[in-house]
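Computed from a prediction, not measured in an experiment: that's the story for all the values here.
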Protein chains: 2
Amino acid sequence: MSLLDASLIADIPPFQGMKREYLVELLSKAKSERYENGRTVFTQDEEAHSFFILLDGHIRVVRITPDGDQVIARYISSGELFGIAQALGLERYPANAVAAVECVVLSWPGTLWNMVAEKYPTFATNTYRTVGIRLQETQDKVVELATERVEQRVANAILKLANQTGRKTEDGILIDFPITRQDISEMTGTTLHTVSRLLSAWETAGLVKSERKKITVTEGHKLAVIAEGKREL
Amino acid sequence: MSLLDASLIADIPPFQGMKREYLVELLSKAKSERYENGRTVFTQDEEAHSFFILLDGHIRVVRITPDGDQVIARYISSGELFGIAQALGLERYPANAVAAVECVVLSWPGTLWNMVAEKYPTFATNTYRTVGIRLQETQDKVVELATERVEQRVANAILKLANQTGRKTEDGILIDFPITRQDISEMTGTTLHTVSRLLSAWETAGLVKSERKKITVTEGHKLAVIAEGKREL
DNA sequence: GTTCATATTTGTCAAAACGCAAATTCGAAA
DNA sequence: TTTCGAATTTGCGTTTTGACAAATATGAAC
């Protein structure tokens with residue numbers, strides 16, 4: 001276990017408003033671990049042994065269907081909680097969590113949740129607020145899938161990723177981790193072929209630049225117009 | 001405010017494991033109200049003033065999109081919590097809640113949540129477990145919308161309603177509240193026309209019987225086969 | 001530099017599902 | 001009983017999107 005300083009986590013949302021002293025205590029019970037790109041943090045249906053905070057990197061949360069289809073539920077960015085099954089009384093993780101790049105993850109044994117929630121009510125409250133936001137986001141996704149066309153959903157997914165994780169470059173906003181057409185199709189409920197066609201068209205129109213596993217948004221506002229459902233600019 | 005006896009709620013899941021004495025206390029702070037069919041309990045984006053338990057009836061929870069599309073998020077059955085924005089730190093309700101039949105609803109002022117959660121930790125834990133289950137169900141819906149065809153989704157929705165709220169009749173299992181083709185289309189992300197066609201076909205094939213605002217499942221196992229994705233029997 | 005698995009692009013065709021329109025049925029209210 | 005709005009059914013043409021197939025590009029590993 002490496003050295004963990006309270007300043008590591010003091011500024012990230014789940015710990016907002018907690019006394020320094022408590023942060024130190026909490027950290028003393030945490031384990032820090034590096035995950036190389038592609039490594040699995042936890043697996044769907046596995047017994048929920050820990051809960052996690054991502055200190056650095058990006059984690060892909062994926063559900064697998066009985067017939068093998070994958071659906072990407074969300075990407076976790078640094079500073080976010082994930083795998084918090086215990087907080088919700090779940091005995092098993094409902095999805096896979098896989099490092100999308102090199103990651104640093106902090107974890108606590110799941111058995112600690114009750115104690116932690118009781119001793120650090122601020123942390124518990126912050127956690128439940130996160131859950132509330134995610135529940136809403138998930139509902140939003142249901143609405144999107146139920147009412148919007150593929151083109152809108154793909155535009156939206158790319159915009160969100162750019163906002164959430166984008167890094168500014170000379171060309172525009174680059175999504176900060178390797179992402180394939182297949183990944184985007186699994187976020188939006190379509191096929192990699194359709195995503196490829198859309199990206200090709202958008203590239204021709206100058207809205208994005210893309211290479212293998214890389215997408216840069218150059219004309220975000222135009223993408224946003226497509227996400228709104230307008231057919232042309 | 002009518003007379004409320006602890007036995008009213010002692011057996012329903014959110015209150016499992018709570019001391020009788022606490023139930024009485026909690027009830028003394030609750031308000032009971034009847035809602036006739038179609039009456040709104042709370043509205044999307046309205047400030048979250050209360051949290052609720054449905055004692056009798058069925059409540060439809062509906063999201064409205066900016067361009068007026070409706071998506072039915074879930075049906076609440078009796079004994080279930082709803083409108084628990086406070087538990088998740090949300091300031092506003094994320095959807096409309098409307099009585100789908102004559103209902104009896106118990107409510108507490110939202111300002112009481114923190115006190116209630118602290119004083120009755122069992123109740124809080126039960127609530128968060130409910131949230132966990134709903135989050136999973138919502139994720140399931142995302143997966144369904146992303147990977148299954150309309151036919152499967154409609155079959156699934158009807159099966160779930162029949163299981164959740166069905167009443168046994170001589171013909172089969174009747175969904176216990178008035179429900180239109182439009183409602184089902186708003187649960188499954190399709191149009192009322194497509195739902196109508198599917199129900200007609202299934203009626204011809206003898207899987208269901210349906211009248212205006214009424215659906216009876218006669219051959220659940222065959223519907224289940226369709227929900228699984230098989231094209232014929 | 002060569003090799004090879006992986007990612008991407010693109011074409012063609014077919015199926016699924018929607019949109020629009022119109023007819024019809026039903027049931028509640030007058 | 002009559003009326004009228006709401007719910008439902010159904011036909012038809014169109015659009016969207018998926019499925020299949022094949023070619024091509026890319027970058028990491030050797």
Side-chain angles (χ1 to χ4, degrees), chain A residues 36-38 65 67-71 100-102 144-155 157-158 175 177-205 208-216 226 229-232, chain B residues 36-38 67-71 100-102 144-155 157-158 175 177-205 208-216 226-227 229-232:
Chain A
E36 73 275 18
N37 186 354
T65 69
D67 29 74
D69 290 325
Q70 302 203 354
V71 176
V101 287
E102 171 99 12
E144 200 184 343
L145 283 162
T147 63
E148 294 178 6
R149 283 172 299 111
V150 169
E151 188 185 30
Q152 299 174 255
R153 306 201 302 262
V154 172
I158 291 174
I175 293 173
F177 51 86
I179 186 163
T180 66
R181 311 288 185 261
Q182 176 80 36
D183 289 333
I184 294 184
S185 74
E186 290 174 1
M187 297 177 70
T188 52
T190 181
T191 62
L192 82 160
H193 306 279
T194 299
V195 172
S196 179
R197 279 177 235 273
L198 287 170
L199 282 176
S200 295
W202 292 341
E203 177 126 32
T204 303
V208 302
K209 290 189 177 242
S210 71
E211 302 165 53
R212 165 178 278 228
K213 294 191 182 183
K214 252 185 215 163
I215 299 174
T216 305
I226 291 174
K230 310 291 193 301
R231 270 113 202 294
E232 35 226 305
Chain B
E36 73 275 19
N37 186 354
D67 28 74
D69 290 325
Q70 301 204 357
V71 176
V101 287
E102 171 99 12
E144 201 184 342
L145 284 162
T147 63
E148 294 179 6
R149 282 171 300 111
V150 168
E151 187 185 29
Q152 299 175 254
R153 305 202 301 263
V154 172
I158 291 173
I175 294 173
F177 52 84
I179 185 163
T180 65
R181 312 288 186 261
Q182 176 81 35
D183 290 333
I184 295 186
S185 74
E186 290 173 1
M187 298 178 69
T188 52
T190 180
T191 62
L192 82 162
H193 306 278
T194 299
V195 172
S196 178
R197 280 177 235 273
L198 286 170
L199 281 176
S200 296
W202 292 340
E203 177 126 32
T204 304
V208 303
K209 289 189 178 240
S210 69
E211 300 164 54
R212 165 178 281 226
K213 296 193 182 182
K214 252 185 216 165
I215 299 174
T216 304
I226 291 173
K230 310 292 192 303
R231 268 118 202 293
E232 33 226 305

Grab the N/O contacts between the protein and nucleotides 26-30 of chain D below 3.5 Å, and write none if there aren't any.
{"unit_1": "dT26(D)", "atom_1": "O2", "unit_2": "Arg212(A)", "atom_2": "NH1", "d": "3.0"}
{"unit_1": "dT26(D)", "atom_1": "O2", "unit_2": "Arg212(A)", "atom_2": "NH2", "d": "3.2"}

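- In this structure, the separation between OG1 on Thr216(B) and CD on Glu211(B) is 7.0 Å, given to the nearest 0.5 Å.
- Side-chain N or O atoms of Arg153(A) include one that pairs as donor or acceptor with a backbone N or O of Glu148(A) at under 3.5 Å.
- The span of DNA chain C lying next to chain B, judged by atoms under 4.0 Å from heavy atoms, is bounded 5' to 3' by dA16(C) to dG27(C).
- At a threshold of 4.0 angstrom between heavy atoms, the contacts of Ser196(A) include nucleobase atoms, whether or not backbone atoms are also involved.
- For Glu36(A), the side chain to side chain contact (heavy atoms under 4.5 Å, CB included) partners at least two apart in sequence or on another chain are Arg39(A), Glu102(A).
- Checked against side chain to side chain contact (heavy atoms under 4.5 Å, CB included), Asn37(B) has the following partners two or more places apart in sequence or in another chain: Pro178(B).
- The CD1-C1' distance, from Ile215(B) to dT8(D), rounds to 12 Å in whole Å.
- In this structure, the side-chain hydrogen bond (donor to acceptor under 3.5 Å, both in side chains) partners of Ser210(B), at least two apart in sequence or on a different chain, are Arg181(B), Glu203(B).
- A 4.5 Å side-chain heavy-atom check between Trp202(B) and Ile215(B) finds every atom pair outside the cut-off.
- Listed by first and then second residue, the salt bridge (Lys or Arg N to Asp or Glu O under 4.0 Å) pairs that reach into residues 183-192 of chain B are Arg60(B)-Asp183(B), sequence neighbours excluded.
- Contact annotation: Arg181(B) reaches the phosphate of dT8(D) (side-chain N/O to OP1 or OP2, under 4.0 Å).
- Residues Gln152(B) and Ala227(B) approach most closely at NE2-O, 3.3 Å, considering heavy atoms.
- Looking at heavy-atom distances under 4.0 Å, Leu192(A) makes contact with a base.
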**Request:** May I have the step-by-step check of side chain to side chain contact (heavy atoms under 4.5 Å, CB included) for Ile184(A) and Ile179(A), ending in yes or no?
**Result:** CA-CA 7 Å; Ile184(A) 294 184; Ile179(A) 186 163; 3.9 Å; yes
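- Every residue two or more places apart in sequence or in another chain that forms a salt bridge (charged side-chain N to carboxylate O under 4.0 Å, His left out) with Arg149(B) is listed here: Glu151(B).
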Can you list, pair by pair, the side-chain donor-acceptor contacts under 3.5 Å of residues 189-199 of chain B, counting residues two or more places apart and other chains?
{"unit_1": "Thr191(B)", "atom_1": "OG1", "unit_2": "Thr194(B)", "atom_2": "N", "d": "3.2"}
{"unit_1": "Thr191(B)", "atom_1": "OG1", "unit_2": "Thr194(B)", "atom_2": "OG1", "d": "3.1"}

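- Rounded to 10 degrees, the angle separating the terminal helix axes of the helix from dG1(C)-dC30(D) to dA30(C)-dT1(D), each built from five base pairs, is 40°.
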**Fill in**
Per-nucleotide protein contact along nucleotides 16-21 of chain D, 5' to 3', at a 4.0 Å heavy-atom cut-off (B base, S sugar-phosphate only, - neither), is SSSBBB
